Colleague: 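One structure, as structure tokens, below. Some questions next.
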Amino acid sequence: MDDIRNEVNQCLETLSNGGLILYPTDTVWGIGCDATNEAAVEKIYALKQRANTKTMICLVANDFMLEQHVAKVPDLAFDIIDLASKPTTIVYESPKGVAKNLIAADNTLAIRVATDKFCQQLIQKFKKPIVSTSANLAGAPTPTSYKEISTEILKGVDYIVNLDRDKEKSAPSSIILLKNDGTVKVIRE
């Protein structure tokens, strides 16, 4: 428990200063930053050598925080979140209160309600969504464990969380597009 608290505090400091963290999520290891800080988001695109037209996922702590960052959360979203058997990210229309360079050209944003303890505590204390993007360079495979993360990524972040480093993380989340007109489309199973 103290370990988690210490790690959360270290991350809060880094995130508040616009830095990048490397952290274990409910899926794979992720690179994170303050999702409301445009300069910090830009740092992730630069580190991943990724075009900033490719969008990234945002993590929120709970349904309440989700509703603060989407103009209108479709009711179906809550059913999907409650019923999903694995971490599920939903792409919403008309996001708000996040960095402009996180929002896709079609005015959508992928958001997941974090389910693991560390991420939930971190985001609740930070009181803002954080970015979560896989810890790999653009085009490289997604690392499923800490030991698969490349040196470039390890050197490019400001803080690396010292939890779960020996744990194999399974797979990225499912991604579902949920439009306000009721359209549902599975983007990644």
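Predicted model only: the values in this text are computed from it and were never measured. We count residues from 1, following the sequence as given.
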Colleague: Nearest heavy-atom pair of I44 and C33: which atoms, and what distance?
Modeller: CD1-SG, 3.6 Å

Colleague: Determine whether M56 and I31 satisfy the following criterion, side chain to side chain contact (heavy atoms under 4.5 Å, CB included), listing intermediate values before the conclusion.
Modeller: CA-CA 10 Å; M56 297 188 287; I31 303 171; over 6 Å; no

Colleague: Nearest 0.5 Å please: distance from the CG atom of L177 over to the CD1 atom of I187.
Modeller: 4.5 Å

Colleague: Quick one: does any side-chain atom of S134 pair with a main-chain N or O of N136 as donor and acceptor, under 3.5 Å?
Modeller: no

Colleague: What's the separation between atom CD1 in I130 and atom CG in L20, rounded to the nearest 0.5 Å?
Modeller: 11.5 Å

Colleague: Using the test side chain to side chain donor-acceptor pair (under 3.5 Å), find all partners of S85 that sit at least two apart in sequence or belong to another chain.
Modeller: none

Colleague: Suppose we screen for side-chain contact (heavy atoms from CB on, under 4.5 Å). Which residues come up paired with T89, at least two apart in sequence or across chains?
Modeller: I57, A110, R112, S173, I175

Colleague: Is the shortest side-chain heavy-atom distance between L109 and V91 below 4.5 Å?
Modeller: no

Colleague: Please report the closest heavy-atom contact between Y45 and L102, naming both atoms and the distance.
Modeller: OH-CA, 4.2 Å

Colleague: For L178 and L76: C-alpha separation, side-chain torsions, deciding distance, then whether side chain to side chain contact (heavy atoms under 4.5 Å, CB included) applies.
Modeller: CA-CA 8 Å; L178 200 52; L76 182 58; 3.6 Å; yes

Colleague: Roughly how far apart are M65 CE and K127 NZ, rounded to 0.5 Å?
Modeller: 8.5 Å

Colleague: How long is the gap from CG on L122 to CD1 on I4, to the nearest 0.5 Å?
Modeller: 11.0 Å

Colleague: Quick one: which residue pairs count as a side chain to side chain donor-acceptor pair (under 3.5 Å) with a foot in residues 15-24, not counting sequence neighbours?
Modeller: none

Colleague: Using side-chain heavy atoms (C-beta onward) and a distance below 4.5 Å, is V41 in contact with V131?
Modeller: yes

Colleague: Under the rule for salt bridge (charged side-chain N to carboxylate O under 4.0 Å, His left out), what residues qualify as partners of E38, not counting sequence neighbours?
Modeller: K100

Colleague: Assess the residue pair N101 and E42 against the criterion (side chain to side chain contact (heavy atoms under 4.5 Å, CB included)); give the C-alpha distance rounded to whole Å, side-chain angles, the decisive distance to 0.1 Å, and a yes or no.
Modeller: CA-CA 7 Å; N101 50 350; E42 201 46 59; 3.4 Å; yes

Colleague: Give the C-alpha distance, both sets of side-chain angles, the deciding distance and a yes or no for side-chain hydrogen bond (donor to acceptor under 3.5 Å, both in side chains) between D158 and T14.
Modeller: CA-CA 7 Å; D158 301 293; T14 303; over 6 Å; no

Colleague: Once ring pair (Phe, Tyr, Trp, His ring centres under 6.0 Å) is applied, do any residues pair with F126, and if so which ones, sequence neighbours excluded?
Modeller: none

Colleague: Could you grab the distance from atom NZ of K117 to atom CG of L163, nearest 0.5 Å is fine?
Modeller: 12.0 Å

Colleague: Residues in side chain to side chain donor-acceptor pair (under 3.5 Å) with D82, at least two apart?
Modeller: none

Colleague: Scan residues 58-80 for pairs that pass side chain to side chain donor-acceptor pair (under 3.5 Å), counting only residues two or more places apart or in two chains.
Modeller: none

Colleague: What are the two closest non-hydrogen atoms of S132 and L59, and how far apart are they?
Modeller: CB-CG, 3.7 Å

Colleague: Should E13 and N9 count as side-chain neighbours, where that means a heavy-atom distance under 4.5 Å?
Modeller: no

Colleague: Give me the atom names and distance for the closest heavy-atom approach of P74 to K179.
Modeller: CG-O, 4.4 Å

Colleague: Going from CD1 on I176 to CD1 on I80, what distance comes out if it is rounded to the nearest 0.5 angstrom?
Modeller: 4.5 Å

Colleague: Please evaluate residues I81 and L66 with respect to the criterion side chain to side chain contact (heavy atoms under 4.5 Å, CB included), reporting the C-alpha separation (whole Å), side-chain torsions for both, the decisive distance (0.1 Å), and the verdict.
Modeller: CA-CA 11 Å; I81 293 166; L66 171 64; 4.0 Å; yes

Colleague: Is there a donor-acceptor pair closer than 3.5 Å between any side-chain N or O of D26 and the backbone N or O of D116?
Modeller: no

Colleague: Going by the ring pair (Phe, Tyr, Trp, His ring centres under 6.0 Å) test, which pairs reach into residues 130-156, not counting sequence neighbours?
Modeller: W29-Y146

Colleague: Going by the salt bridge (charged side-chain N to carboxylate O under 4.0 Å, His left out) test, which pairs reach into residues 180-189, not counting sequence neighbours?
Modeller: none

Colleague: Would you name the heavy atoms of L137 and L47 that are closest together and state the gap between them?
Modeller: CD2-O, 3.2 Å

Colleague: Mind jotting down which residue pairs meet the salt bridge (charged side-chain N to carboxylate O under 4.0 Å, His left out) criterion with at least one end in residues 139-151? Sequence neighbours excluded, please.
Modeller: K147-E168

Colleague: Does K128 have any side chain to side chain donor-acceptor pair (under 3.5 Å) partners at least two apart in sequence or in another chain, and if so, which?
Modeller: D34

Colleague: Among all residues two or more places apart in sequence or in another chain, which pass the side chain to side chain donor-acceptor pair (under 3.5 Å) test with Y159?
Modeller: E7

Colleague: Compare every heavy atom of P143 with every heavy atom of A135, then report the nearest pair and how far apart it is.
Modeller: O-CG, 3.2 Å

